[in-house]
There are 2 protein chains.
Amino acid sequence: MTTGRATPAEDACTNAPPLTALSGPVSHAVSRVARLHRTAAGKALKGVDLYPGQELLMMHLWDRGAVRQTELIRALDLDPSTVTKMLQRLEQTGHVRRRPDPADRRAVLVEATDESCALHTAVRDAWGSLEEQTLAGLDPAERTELLRLLAKVEENLCRETADCPDRC
Amino acid sequence: MTTGRATPAEDACTNAPPLTALSGPVSHAVSRVARLHRTAAGKALKGVDLYPGQELLMMHLWDRGAVRQTELIRALDLDPSTVTKMLQRLEQTGHVRRRPDPADRRAVLVEATDESCALHTAVRDAWGSLEEQTLAGLDPAERTELLRLLAKVEENLCRETADCPDRC
DNA sequence: AACTTTACCTTGGTCGGCCAATTAATGGGC
DNA sequence: GCCCATTAATTGGCCGACCAAGGTAAAGTT
């Protein structure tokens, strides 16, 4: 099998019977949709001085006020180091302020700056239109069905991964 | 409003009426599912010497044999620079080989190395079980429905973003 | 009180992604 | 034949995300 020529693309490896797009249709779809969605979010947030991902953190701060970093880590389900670095950048761009927690000298309290509040509505609108764009052409029944199925999938992935002590 | 205590979390900003989780339910769900899915893929690929994202590129190479980089860029819908860097790393780890395209001196032909073919089935199995884990508890009708809705969403995001000259 | 464990955060490194700008080769119009 | 637009890749810089290790402070044990 090493010397035969066959069709140019075939037998590159073992004479593989199946093909990419069929091996995990939903998995592939999730990947693509996620990246497209993130890109779209990035564009929607273009004029807001926020990078995709930061808006979720800011939303949480706008909603909950001053919180300690651990809370963000749990709420956004991110790695601690990720949050640290995001906050460093957000602090540098003036969207966030950090101060030591008087009640626990290990902890840090984080809150949105007053200036950042100007972005609040802009972000809300951006996410609104993003949601609308995402769901265009889906009737209400389909939307709730999609949400239900995604929730189920999320639970599947979360449970089996088993790194969610309390979120599930 | 600076001195009042109110509820601890409220009025951090404008007295915002709505709240994070409600602003874009599907968008949030997509984000979370995507990250969980990616993490799960990473774990499944842990013993395979591949990082999440690389497996899709390799799958394409295994399926199609030697292709030029442009084809990967279009097939995976990634930025050219992303593909370049991924290939540099994959080349360094010995999974991929690059050689100049004799027909076009600008282009580069990429193909999976023979060694990488050992991973072929492992990756296929990993994605198979990942797919199964993702869809656990969904009956066939729900699966096809999910797939259909995701395709619709993908088209929405792809069309409006309008950076897909031919893919849509 | 002294020791051990646990919790909170940071640092350094690596990857996948994007954008902007560059180089090099091809191809079309004239 | 010559110039110019197009296409193929690369480089550098940035961000989100992860892991592994480290340092400090709090809580629990004995």
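Letters go in sequence order (proteins before strands), and every chain restarts at 1.
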For atom [atom1] of [X] and atom [atom2] of [N], their distance in whole Å:
X: A/D79; N: C/dT11; atom1: CG; atom2: C1'; answer: 12 Å
X: B/D101; N: C/dT26; atom1: CG; atom2: C1'; answer: 12 Å
X: B/I73; N: C/dC19; atom1: CD1; atom2: C1'; answer: 14 Å
X: A/R38; N: C/dC18; atom1: CZ; atom2: P; answer: 10 Å
X: B/R35; N: C/dG17; atom1: CZ; atom2: P; answer: 15 Å
X: B/L72; N: C/dG16; atom1: CG; atom2: P; answer: 14 Å
X: A/E91; N: C/dT10; atom1: CD; atom2: C1'; answer: 13 Å
X: B/K85; N: C/dC18; atom1: NZ; atom2: C1'; answer: 9 Å

For [N], does OP1 or OP2 lie under 4.0 Å from any side-chain N or O of [X]?
X: B/R105; N: C/dT26; value: yes
X: A/S81; N: C/dT10; value: no
X: B/R89; N: C/dC15; value: yes

request  = Return the angle between end axes of the helix from C/dA1-D/dT30 to C/dC30-D/dG1, with five pairs used per end and rounding to 10°.
outcome  =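 Roughly 10° between the end axes, to the nearest 10°.
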Can we say [X] and [Y] salt-bridge, meaning some charged N sits less than 4.0 Å from an Asp/Glu carboxylate O?
X: B/E91; Y: B/R98; value: yes
X: A/R143; Y: A/E132; value: yes
X: B/R148; Y: A/E142; value: yes

task = Assign each of A/Q88 and B/P52 to its nearest nucleotide of DNA chain C by heavy atoms, then name whichever residue's nucleotide is nearer the 5' end.
result =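 The residue closer to the strand's 5' end, by nearest nucleotide, is A/Q88.
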Parallel, tilted or perpendicular: rings of A/H37 and A/W127 (30°, 60°) =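 Because their plane-to-plane angle is over 60°, the rings of A/W127 and A/H37 count as perpendicular.
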At their closest point, which heavy atom of [X] faces which heavy atom of [Y], and how far apart are they?
X: A/V26; Y: B/E131; answer: N-OE2, 2.9 Å
X: B/I73; Y: B/P80; answer: CD1-CA, 3.6 Å
X: A/P52; Y: A/R38; answer: O-NH2, 3.0 Å

Contact check, side chains of [X] and [Y], non-hydrogen atoms, under 4.5 Å:
X: A/S27; Y: B/T134; value: yes
X: A/L87; Y: A/L72; value: yes
X: A/L146; Y: B/L146; value: yes
X: B/N156; Y: A/L135; value: no

Just the table, please: protein N/O against nucleotides 4-8 of chain C N/O, every pair under 3.5 Å.
from	atom 1	to	atom 2	distance (Å)
C/dA7	N3	A/R106	NH1	3.1

inquiry  = Need one value for A/L78: base, sugar-phosphate or nothing, where a base atom within 4.0 Å counts as base even if backbone is also close, heavy atoms only.
reply    =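 Answer is sugar-phosphate: A/L78 comes under 4.0 Å of backbone atoms only.
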CE on B/M86 to CG on B/L76, rounded to 0.5 Å =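 That separation rounds to 7.0 Å.
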inquiry  = With a strict under 4.0 Å distance from non-hydrogen atoms of chain A, what nucleotide opens and what nucleotide closes the contacted stretch of DNA chain D, reading 5' to 3'?
reply    =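 Taking any atom under 4.0 Å from a heavy atom of chain A, the span is D/dC15 to D/dA26.
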